[in-house]
Chemist: 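Structure in structure tokens, see below.
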Amino acid sequence: MSSSPSIQADATSSHPPAHKPDPTILNTNNTSSTTTTSADNNDASQRGLSSTGASAASKLASAQMRLRGALRQFPDFPSPGILFEDILPIFANPSTHEDLISALELHVASAYPTKPDVIVGLDARGFLFGPSLALRLGAAFVPVRKQGKLPGPCETASYEKEYGQDFFQMQADAIKPGQNVLIVDDIIATGGSASAAGSLVKKLGGSLVGYVFILELDFLKGRAKLDAPVYTLLSSQEAKQ
Ligand SMILES: O=P(O)(O)OC[C@H]1O[C@H](OP(=O)(O)OP(=O)(O)O)[C@H](O)[C@@H]1O
Ligand SMILES: Nc1ncnc2[nH]cnc12
């Protein structure tokens, strides 16, 4: 699907206009927002994002703006018609790196009364923040890797993404049956990668409690492929000048 010229053209022509509001920032009642619960009074409040009511919401909104401001876009990478979102500048600046981890920690603390046992990060950009988030939450970190990288018995799933086809693998003993698993990745585009990762988690006996992404290319409707709650910190792609 991803190499189809018509889909690539769609991906570019459907970019929302730059002035389109980010519902994550403007509407704290939607499914992408972070609600405040007693669970907010945890470590997140000690690290940059306060945990109480309006204050937490406004700090989250300003963190979201800084994170969106850090993104860079590269047209026609890695193939014609794709507007590539580069998340790496977030990690080049300790302040936006902190914004990211604290915002995600706050979301998990608010949305999951029982903390996940395992954070699963997707190869490769899910490895940039999955382990830090897991450490903050006191959860295990487990990678989903591209085929051929993991030793020992593995489960495999094939998938299509916005710009290609691939295979994901997990080590067969990476998750204990019944563990609560949260999948994290930088971007959801078509949802192919995330859906394949979810199928692997379930094959291993994990209980998939949700997905967390930094950015959603919402015009590709990837979340429709996922059968667990989806949270995205920045809920739409906005073309930058
Ligand atoms: O929703 P989808 O259409 O499946 O696309 C999203 C996936 O594409 C990118 O990964 P990529 O495979 O490019 O690997 P990388 O992280 O190694 O760059 C991104 O990091 C997501 O994992
Ligand atoms: N447009 C995009 N930018 C960055 N990573 C992606 N993964 C899938 N689509 C992407």
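What you see is a predicted model; the values in this text were computed from it and never measured. Order of listing sets the numbers, starting from 1, for every ligand and every atom in it.
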Chemist: At less than 4.0 angstrom from any non-hydrogen atom of Thr190, what atoms of ligand 1 do you find?
Modeler: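 It comes down to these atoms of ligand 1: 1 (O), 2 (P), 3 (O), 4 (O).
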
Chemist: For ligand 1, is there an N or O atom under 3.5 Å from any N or O atom of Gly191?
Modeler: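 By distance alone, the answer is yes.
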
Chemist: Would you mind checking which non-hydrogen protein atom is closest to atom 11 (P) of ligand 1, with the distance to 0.1 Å?
Modeler: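 Here the nearest protein heavy atom works out to Lys161 NZ, 3.5 Å.
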
Chemist: Under 3.5 Å between some N or O of ligand 1 and some N or O of Ala124?
Modeler: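 N/O-N/O distance below 3.5 Å exists for this pair.
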
Chemist: Write out the residue and atom name of the closest protein heavy atom to atom 3 (N) of ligand 2, then the distance separating them to 0.1 Å.
Modeler: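 For this ligand atom, the closest protein heavy atom is Glu85 N, 2.9 Å.
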
Chemist: In this structure, is the centre-to-centre distance between the rings of Phe168 and Tyr159 below 6.0 Å?
Modeler: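 For Tyr159 and Phe168, the ring centres are under 6.0 Å apart.
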
Chemist: Starting from atom 9 (N) of ligand 2, find the nearest protein heavy-atom neighbour and note its residue, name and distance.
Modeler: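 The closest one turns out to be Glu162 OE1, 2.4 Å.
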
Chemist: Would you check whether Tyr159 has a nitrogen or oxygen atom less than 3.5 angstrom from a nitrogen or oxygen atom of ligand 1?
Modeler: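 No.
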
Chemist: Heavy-atom pairs closer than 4.0 Å: do any link ligand 2 to the side chain of Leu83, the backbone, both, or neither?
Modeler: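 The backbone, only.
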
Chemist: Give me the nearest non-hydrogen protein atom to atom 4 (O) of ligand 1 as residue plus atom name, then the distance to 0.1 Å.
Modeler: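 Minimum-distance protein heavy atom for atom 4 (O) of ligand 1 reads Ser193 OG, 2.6 Å.
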
Chemist: Short list, please: which atoms of ligand 2 are under 4.0 Å from a heavy atom of Arg125?
Modeler: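 Selected atoms, number and element: 4 (C), 5 (N).
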
Chemist: To the nearest 0.5 Å, what is the distance between CD (Gln169) and SG (Cys154)?
Modeler: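 Reported value, rounded in 0.5 Å steps: 4.5 Å.
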
Chemist: I want to check something: taking the side chain as every heavy atom from C-beta on, are Ile87 and Leu128 in contact at a cut-off of under 4.5 Å?
Modeler: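 A side-chain contact under 4.5 Å exists here.
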
Chemist: State the atoms of ligand 1, each with its element, that fall below the 4.0 Å cut-off from a heavy-atom position in Gly192.
Modeler: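 Numbered from 1, ligand 1 contributes 1 (O), 4 (O).
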
Chemist: Are Phe77 and Phe84 near enough that their ring centres are under 6.0 Å apart?
Modeler: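 Yes; Phe84 has its ring centre under 6.0 Å from that of Phe77.
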
Chemist: Would Ala189 count as being in polar contact with ligand 1, using the rule that some N or O on each side must be under 3.5 angstrom apart?
Modeler: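 Checking ligand 1 against Ala189, an N or O pair does fall under 3.5 Å apart.
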
Chemist: Which value, rounded to the nearest 0.5 Å, describes the distance between Met65 atom CE and Asp99 atom CG?
Modeler: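 Between atom CE of Met65 and atom CG of Asp99 there are 11.0 Å.
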
Chemist: So which bit of Asp185 gets within less than 4.0 Å of ligand 1, heavy atoms only: side chain, backbone, both or neither?
Modeler: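 Near ligand 1, Asp185 shows its side chain, while the N, CA, C and O stay back.
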
Chemist: Which atoms of ligand 1 are found less than 4.0 Å from any heavy atom of Ile187?
Modeler: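 Answer for ligand 1: 6 (C), 21 (C).
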
Chemist: Are a donor atom and an acceptor atom from the side chains of Glu216 and Ser235 found within less than 3.5 Å of each other?
Modeler: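 Glu216 vs Ser235: no donor-acceptor pair found between side chains.
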
Chemist: Below 4.5 Å, heavy atoms only, C-beta onward: do Val212 and Leu182 meet side chain to side chain?
Modeler: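 Yes, close enough: below the 4.5 Å cut-off.
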
Chemist: Is it true that a side-chain atom of Lys115 and a backbone atom of Gly138 form a donor plus acceptor pair closer than 3.5 Å?
Modeler: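 A pair under 3.5 Å: yes.
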
Chemist: Tell me whether Asp117 contacts the main-chain N or O of Asn180 through its side chain, where contact means a donor paired with an acceptor under 3.5 Å.
Modeler: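 Pair found, side chain donor or acceptor close to backbone of Asn180.
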
Chemist: Working to the nearest 0.5 angstrom, can you tell me the gap between Asn93 CG and Leu100 CG?
Modeler: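 Between Asn93 CG and Leu100 CG, I get 11.5 Å after rounding to 0.5 Å.
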
Chemist: Name the closest protein heavy atom to atom 10 (O) of ligand 1, giving the residue it belongs to and the distance to 0.1 Å.
Modeler: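 Closest protein heavy atom to atom 10 (O) of ligand 1: Arg125 NH2, 3.6 Å.
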
Chemist: When you measure from the heavy atoms of Asp186 to every atom of ligand 1, does any distance fall below 4.0 Å?
Modeler: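 Yes, Asp186 has a heavy atom closer than 4.0 Å to ligand 1.
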
Chemist: Nearest protein heavy atom to atom 8 (O) of ligand 1, by residue and atom, and its distance?
Modeler: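 Protein heavy atom at minimum distance: Tyr163 OH, 3.9 Å.
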
Chemist: Can you report which non-hydrogen protein atom sits closest to atom 7 (N) of ligand 2, along with the distance?
Modeler: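 Ranked first by proximity to atom 7 (N) of ligand 2 is Tyr163 OH, 3.3 Å.
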
Chemist: Classify the contact between Ile82 and ligand 2 as side chain, backbone, both or neither, using a heavy-atom distance cut-off of under 4.0 Å.
Modeler: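 Only the side chain of Ile82 comes within reach of ligand 2.
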
Chemist: For Ala189, counting its heavy atoms only, list the atoms of ligand 2 lying under 4.0 Å from any of them.
Modeler: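 Heavy-atom distances to Ala189 below 4.0 Å select 8 (C), 9 (N).
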
Chemist: Does any N or O in the side chain of Asp186 come within less than 3.5 Å of the main-chain N or O of Ile214, such that one atom is a donor and the other an acceptor?
Modeler: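 No: the side chain of Asp186 does not pair with the backbone of Ile214.
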
Chemist: Step through the shown structure and confirm whether more than 12 heavy atoms of other residues, nucleotides or ligands are within 6.0 Å of NZ on Lys176.
Modeler: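 Atom NZ in Lys176 is not packed in, count stays at 12 or less.
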
Chemist: Establish, from distance only, whether the side-chain atoms of Glu85 and Gln73 form a donor-acceptor pair under 3.5 Å.
Modeler: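 Yes, because at least one side-chain N or O of Glu85 sits under 3.5 Å from a partner of the opposite role on Gln73.
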
Chemist: Among all protein heavy atoms, pick the one closest to atom 14 (O) of ligand 1 and tell me residue, atom and distance.
Modeler: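 Checking every protein heavy atom, the shortest distance to atom 14 (O) of ligand 1 gives Lys146 NZ, 3.1 Å.
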
